[in-house]
Amino acid sequence: MAGKKLTEIVKKIAGTIMLPLIMYLIVMAACFSHGKMYFGTWAMWKTLLVDIAVSATCAMGIGLQFKCGRFDFSGGAIMLLAAIIAGNTAKNQGNNVLLFFLLCILLCVAFSLLVGLVYTYGRLPIVIATIGMALLYESVTCLIFNGGGINLVANSSLKVFSSYPMVLIPAAAAILVYGFYSNKTIFGKQSQLLAMNQQSAVNIGINERKNVLVSYLFSGLIFGFATTIYASTGLHGASFSSLTTVGELFTNILPVFIGLMLGAFCNDTIGILMGSLTLCLMSFGLTNVISSDMGSAISTILTGVFVLAINVVSGQSGNMIKFFKKLLGVKTAAA
């Protein structure tokens, strides 16, 4: 019995770390073959940790609504608007880092709850409600602070949360909030029922309106922690083109898909972290082995192919095993 339990634990650990480990070995081989011998050093990991933190926190903000059956398009606009207001206000108050941190969280929670209120009381489809709010928030970014956006790249005080080790604080907070909502709250458990069959869940007594608002409160908290990192990772201009924030945020939904697929080996909190690590390793390798612009473009293409491939393998693994057994002449037991 103890041996069987140990085998199950080993299988789960192996299944959980398999994707990032394979990606690490591939990227290491590519970097070393091109003379990039700094790959795997502590200096590289300190840089990569910031990318992983942004990817994972954004993914958890999207993933919290996604696992509730809601495809929310407003997260990117929420983060951009909060970053602009919090960053500029903190700069005007003498680069007050505590004010910046608190404003990022409070603004993201407020903007997120407003989206939830529009969705629940407006009785609109989730796509219409969230796209409408994304457009509204994006338009506001063009009207405040002369449409100048926010640039904290050279601000050593306010960019502290986008460098090691301070980046671990908002990243860890976002992970804890996501894990707490998913595993320790009744709303997290109810959300799974709402995602599977909304009408049946309502019929058995689940208050959907309350569930939606609580979920938006938690996703707002996660987006707030993500914004403290995201705001200082580069220049973030006002959104003068419609829905520019949607594409930027939804590049981080891919770790959510990976996290859900790794559900057989671990919970989705760890799965999302493994997905973020895998994709960040791939992006790092491509941008360092190839030119930065070309590497980013190839990374986007390969990310899509990569997610498609693991979806196919995940969904068709049983049929693939049967095919190879038949091809190799291995007899299968009768059903």
(message) Would Arg209 and Tyr121 count as a cation-pi pair here, with the cationic atom under 6.0 angstrom from the ring centre and within 45° of the axis?
(response) yes
(request) Could you verify whether a donor N or O on one side chain and an acceptor N or O on the other, from Asn155 and Asn95, lie under 3.5 Å apart? (result) yes
(request) Compute the centroid of each ring, for Trp45 and then for Phe284, and state whether the two points are separated by less than 6.0 Å. (result) no
(message) With no hydrogens and no angle check, just 3.5 Å: does a side-chain donor-acceptor pair link Thr245 and Glu138?
(response) yes
(message) Using only atom types and a distance under 3.5 Å, with no angle test, would you say the side chain of Ser182 pairs donor to acceptor with the backbone of Gly179?
(response) no
(message) Applying ring-ring contact (aromatic ring centres under 6.0 Å, His included) as the test, list every pair that has at least one member in residues 122-143; sequence neighbours left out.
(response) Phe111-Tyr137
(message) Regarding Arg70 and Ser215, do their side chains bring together a donor and an acceptor under 3.5 Å, going by distance alone?
(response) yes
(message) Checking Thr141 against Ser239: is there a side-chain donor and acceptor pair closer than 3.5 Å?
(response) no
(request) Taking the side chain as every heavy atom from C-beta outward, state whether His236 and Ile84 have any pair of such atoms under 4.5 Å apart. (result) no
Indicate every side-chain donor-acceptor pair of residues 51-63 with a distance under 3.5 Å to a residue at least two apart or in another chain.
| unit_1 | atom_1 | unit_2 | atom_2 | d |
| --- | --- | --- | --- | --- |
| Ser55 | OG | Ser276 | OG | 3.4 |
| Thr57 | OG1 | Ala53 | O | 2.6 |
| Thr57 | OG1 | Val54 | O | 3.2 |

(request) Kindly state whether the ring of Phe223 and the ring of Tyr230 have centres lying under 6.0 angstrom apart. (result) no
(request) For Phe100, enumerate each residue passing the ring pair (Phe, Tyr, Trp, His ring centres under 6.0 Å) test, keeping only those at least two apart in sequence or located in another chain. (result) none
(request) Give a yes or no on whether the backbone of Phe240 and the side-chain of Thr244 come within a donor-acceptor separation of less than 3.5 Å. (result) no
(message) With a 4.5 Å cut-off on side-chain heavy atoms, are Met282 and Thr278 touching?
(response) no
(message) If we count only N and O atoms by modelled type, under 3.5 Å, do the side chains of Asp268 and Tyr178 hold a donor and an acceptor together?
(response) yes
(request) Describe, in one word, how the ring planes of Phe66 and Phe257 are oriented to each other, choosing from parallel (under 30°), tilted (30 to 60°) and perpendicular (over 60°). (result) perpendicular
(request) Could you verify whether a donor N or O on one side chain and an acceptor N or O on the other, from Ser74 and Thr130, lie under 3.5 Å apart? (result) no
(request) Apply side chain to side chain contact (heavy atoms under 4.5 Å, CB included) to Ile131 and Val127, showing your working. (result) CA-CA 6 Å; Ile131 286 179; Val127 174; 3.7 Å; yes
(message) Tell me if the aromatic rings of Phe39 and Tyr24 count as close, with their centers under 6.0 Å from one another.
(response) yes
(request) Taking the side chain as every heavy atom from C-beta outward, state whether Asn88 and Phe145 have any atom pair closer than 4.5 Å. (result) yes
(message) For the backbone of Val153 and the side chain of Lys159, can you confirm whether one donor and one acceptor N or O come within less than 3.5 Å of each other?
(response) yes
(request) Kindly indicate whether the side chain of Asp72, heavy atoms from C-beta on, has any atom under 4.5 Å from the side chain of Tyr216. (result) yes
